[in-house]
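Since the structure is predicted, the reported quantities are computational estimates derived from the model, not experimental observations. Below, read A as the first sequence line, B as the second, and so on, with proteins coming before strands; counting in each chain starts at 1.
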Protein chains: 2
Amino acid sequence: MDQSALLSAHARVRSSKLQKGRDVVISGSHNDCVYLNHDGWLARYKILHKGSRQIIDFILPGEVFGLPACLFQRALYSVATITDATVSTIPLDMIDNVFEKDPALAKTLFWSIAHEAAILGEHLIDAGRRSAYERVAHLLLELFVRLKRVRLTGERTFSIPLTQELIADALGLTTVHVNRTLRALRDDKLIAMDGRSIVIVDFEALSLLSDFEKSYLSELYGDPAQGARAKRSILS
Amino acid sequence: MDQSALLSAHARVRSSKLQKGRDVVISGSHNDCVYLNHDGWLARYKILHKGSRQIIDFILPGEVFGLPACLFQRALYSVATITDATVSTIPLDMIDNVFEKDPALAKTLFWSIAHEAAILGEHLIDAGRRSAYERVAHLLLELFVRLKRVRLTGERTFSIPLTQELIADALGLTTVHVNRTLRALRDDKLIAMDGRSIVIVDFEALSLLSDFEKSYLSELYGDPAQGARAKRSILS
DNA sequence: CGTTCATTTGAATCTAGTCAATTCAGGTGG
DNA sequence: CCACCTGAATTGACTAGATTCAAATGAACG
């Protein structure tokens with residue numbers, strides 16, 4: 001996401017610190033702000049009538065959220081903090097006028113949704129056509145690559161603040177089965193774990209078995225963030 | 001979708017008739033056109049290495065497709081016709097410039113993706129947290145409502161050109177199980193079927209059991225198509 | 001009328017869920 | 001410093017929903 005377009009274009013930005021476990025967007029209520037998550041983790045989710053929860057996606061440090069909620073009269077999903085987080089709030093009234101008045105902002109919002117839709121598509125494949133083993137592998141790789149882009153990983157290691165219950169709700173599994181699956185991945189020497197830090201032991205094998213292709217996480221055409229990344233990698 | 005913005009803004013529109021079973025967008029290759037589907041059904045899908053297929057969504061008459069594919073260097077998913085279809089092709093070079101040069105078109109494209117992301121989210125919940133019975137119910141209601149908006153249904157009846165295999169691939173099930181599930185829905189007097197035409201016998205019950213809320217299919221804020229629908233309903 | 005593709009049904013199997021108990025880690029208060 | 005509490009992780013035994021395999025029926029088409 002091109003954060004500069006968001007932040008600079010609008011003076012009325014508020015920043016605030018949030019504790020973990022707080023709802024930021026509430027499903028069913030109206031929402032007219034987008035948010036920039038600086039340093040925490042959040043989850044976008046929905047609860048069904050029988051009580052089960054589906055997590056639509058995780059929102060990592062540096063990512064924008066709350067946009068889809070702005071587009072509907074009532075937000076379809078809730079967004080809650082998983083960890084403490086500092087979040088900037090950007091009022092976005094009259095979204096309908098953004099296209100005429102602020103093309104740069106419009107472009108940023110556009111790529112933000114496009115990016116999100118791509119991730120959703122892959123999550124749908126997770127739940128629809130991958131086994132538990134494949135799903136967990138795929139999720140770990142996705143998180144690893146997304147975190148790597150914002151320099152929050154080691155070479156092969158990273159740490160996630162997710163409970164097995166959160167992973168289960170993101171993948172359409174149960175806690176118990178996620179636990180067993182993680183154990184299987186460890187036994188097979190594809191990953192290693194120590195508490196909540198994870199080592200990708202065999203990236204190649206994990207990619208193959210879970211049909212992971214990171215192109216859906218990047219390769220966006222004309223994405224302003226692309227340029228930023230390109231520049232960065234030239235410099236470093 | 002606001003088709004007029006798409007069609008009028010660009011002179012170089014080609015219309016063509018396609019037979020069923022043809023790929024229009026091919027996963028992995030570059031794509032720089034958006035398409036307007038006039039009268040057929042299409043499916044956006046991906047094949048995994050083990051051979052299984054996940055259908056991401058169906059593209060109904062009047063809907064736009066191929067946009068997400070434009071945004072990536074290589075299309076993430078393929079799109080194929082399920083029935084014969086007439087399709088308009090709209091070249092979309094320099095998508096990066098659209099925001100400055102053609103705000104109306106940009107707005108249309110934006111709502112198109114937003115709409116699609118909302119549907120994807122609901123499909124994710126289908127596959128992740130609904131039973132087979134709930135999934136099939138939910139899909140039928142979704143298709144019914146989407147078709148109703150373009151006046152392609154009766155009061156409670158509609159017809160779909162989908163094989164049970166296509167339904168299975170969209171919902172993350174097997175053909176056999178879709179068959180049994182449809183039977184169960186009939187036995188429970190929630191739907192009726194005659195060949196490929198379907199009667200929604202008990203809309204209310206189906207909605208409740210599958211957590212169907214049609215708001216994700218409409219209620220878009222500032223969606224140009226909203227205005228069009230409103231106008232239409234005033235006239236009729 | 002035979003071919004092909006889709007639907008339907010039965011039987012056996014398996015993946016993932018359910019239920020329940022135990023262990024573990026972090027945080028609290030005495 | 002230790003007993004206690006709580007939430008998360010683990011593990012086992014059993015169940016159930018969905019898949020797999022296989023075969024029969026039906027419908028559309030040349």
Side-chain angles (χ1 to χ4, degrees), chain A residues 19-21 41 43 48 50-55 80 82-84 126-140 159-188 191-198 209-210, chain B residues 19-21 41 43 48 50-55 80 82-84 126-137 139 159-188 191-198 209-210:
Chain A
Q19 290 192 307
K20 71 188 272 193
W41 283 55
L48 301 188
K50 58 160 75 150
S52 57
R53 173 175 68 173
Q54 175 69 42
I55 291 177
I82 291 173
T83 66
D84 294 349
D126 277 334
R129 282 283 179 249
R130 286 194 251 255
S131 68
Y133 195 80
E134 294 163 346
R135 285 181 222 192
V136 174
H138 194 269
L139 177 65
L140 291 178
S159 93
I160 53 177
L162 303 178
T163 62
Q164 294 179 357
E165 188 181 7
L166 286 165
I167 296 174
D169 285 344
L171 296 178
L173 298 169
T174 55
T175 309
V176 174
H177 204 58
V178 166
N179 185 290
R180 291 196 239 266
T181 306
L182 284 170
R183 157 153 308 289
L185 285 166
R186 271 176 289 169
D187 290 349
D188 294 347
I191 64 169
M193 288 169 55
D194 177 25
R196 294 208 171 145
S197 79
I198 293 181
L209 78 88
S210 70
Chain B
Q19 290 193 308
K20 72 188 271 192
W41 284 54
L48 301 187
K50 58 161 76 153
S52 56
R53 174 176 65 173
Q54 176 69 44
I55 292 178
I82 291 173
T83 66
D84 293 350
D126 277 335
R129 281 286 180 248
R130 285 194 251 256
S131 67
Y133 195 79
E134 295 163 345
R135 284 182 222 193
V136 173
L139 177 65
S159 93
I160 52 177
L162 303 177
T163 63
Q164 295 179 355
E165 187 180 7
L166 287 165
I167 295 174
D169 285 344
L171 296 177
L173 299 169
T174 54
T175 309
V176 173
H177 203 57
V178 166
N179 184 289
R180 291 195 238 267
T181 305
L182 284 169
R183 157 154 310 290
L185 286 166
R186 272 176 288 168
D187 291 349
D188 294 346
I191 65 169
M193 289 169 53
D194 179 25
R196 296 211 170 143
S197 78
I198 293 182
L209 78 87
S210 70

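Although no hydrogens or angles enter the test, the distance criterion places no donor-acceptor pair under 3.5 Å between the side chain of B/Arg129 and the main chain of A/Gln54. Side chain of B/Arg130 to backbone of B/Ser210: a donor-acceptor contact under 3.5 angstrom is found. Listed for the B/Arg196 side chain is no donor-acceptor partner under 3.5 Å among the backbone atoms of B/Ser159.
Atom CE in B/Met193 sits roughly 16 Å away from atom P in D/dG26 (whole-Å rounding). Nucleotide C/dT15 holds its C1' atom 11 Å from the CG atom of A/Leu173, rounded to whole Å. In this structure, the NE2 atom of B/His177 is 15 Å from the C1' atom of C/dT13, given to the nearest Å. As rounded to whole Å, 12 Å separates atom P of C/dT8 from atom CG of B/Asp187. Rounded to an integer number of Å, the gap from CZ of B/Arg186 to C1' of C/dT8 is 9 Å. In this structure, the CG atom of A/Asp126 is 13 Å from the P atom of C/dA16, given to the nearest Å. The nearest whole Å value for the distance from the CZ atom in B/Arg129 to the P atom in D/dG17 is 16 Å. With rounding to whole Å, A/Leu162 atom CG is found 14 Å from D/dA9 atom C1'.
With D/dA9, C/dA16, D/dT11 as the candidates, the nucleotide lying closest to the side chain of A/Arg180 is D/dT11. Picking from D/dT20, C/dA16, D/dA18 the nucleotide with the shortest atom distance to the side chain of B/Thr174 gives D/dT20.
Looking at residues two or more places apart in sequence or on another chain, you find a side-chain contact (heavy atoms from CB on, under 4.5 Å) between A/Arg180 and A/Val176, A/His177.
Within 4.0 Å (heavy atoms only), A/Ser131 reaches sugar-phosphate atoms of the nucleic acid but no base atom. Counting non-hydrogen atoms under 4.0 angstrom, A/Arg196 reaches the backbone sugars and phosphates but no base. Nucleic acid contact for A/Arg183: sugar-phosphate only, since backbone atoms but no base atoms lie under 4.0 Å from a heavy atom of the residue.
Phosphate contact (OP1/OP2 of D/dA9, side-chain N/O of A/Asn179, threshold under 4.0 Å): absent. Of the side-chain N and O atoms in A/Gln164, one or more sit less than 4.0 angstrom from OP1 or OP2 of D/dT10.
When all heavy atoms of B/Ala184 and B/Tyr133 are compared, the closest pair comes out as CB-CE1, 3.8 Å.
Between B/Thr163 and A/Ala132, the residue anchored nearer the 5' end of DNA chain C, judged by the nucleotide with its closest heavy atom, is B/Thr163. Nearer to the 5' terminus of DNA chain D, by closest-nucleotide assignment, is the contact made by A/Val176 (compared with the other of A/Val176 and B/Val178).
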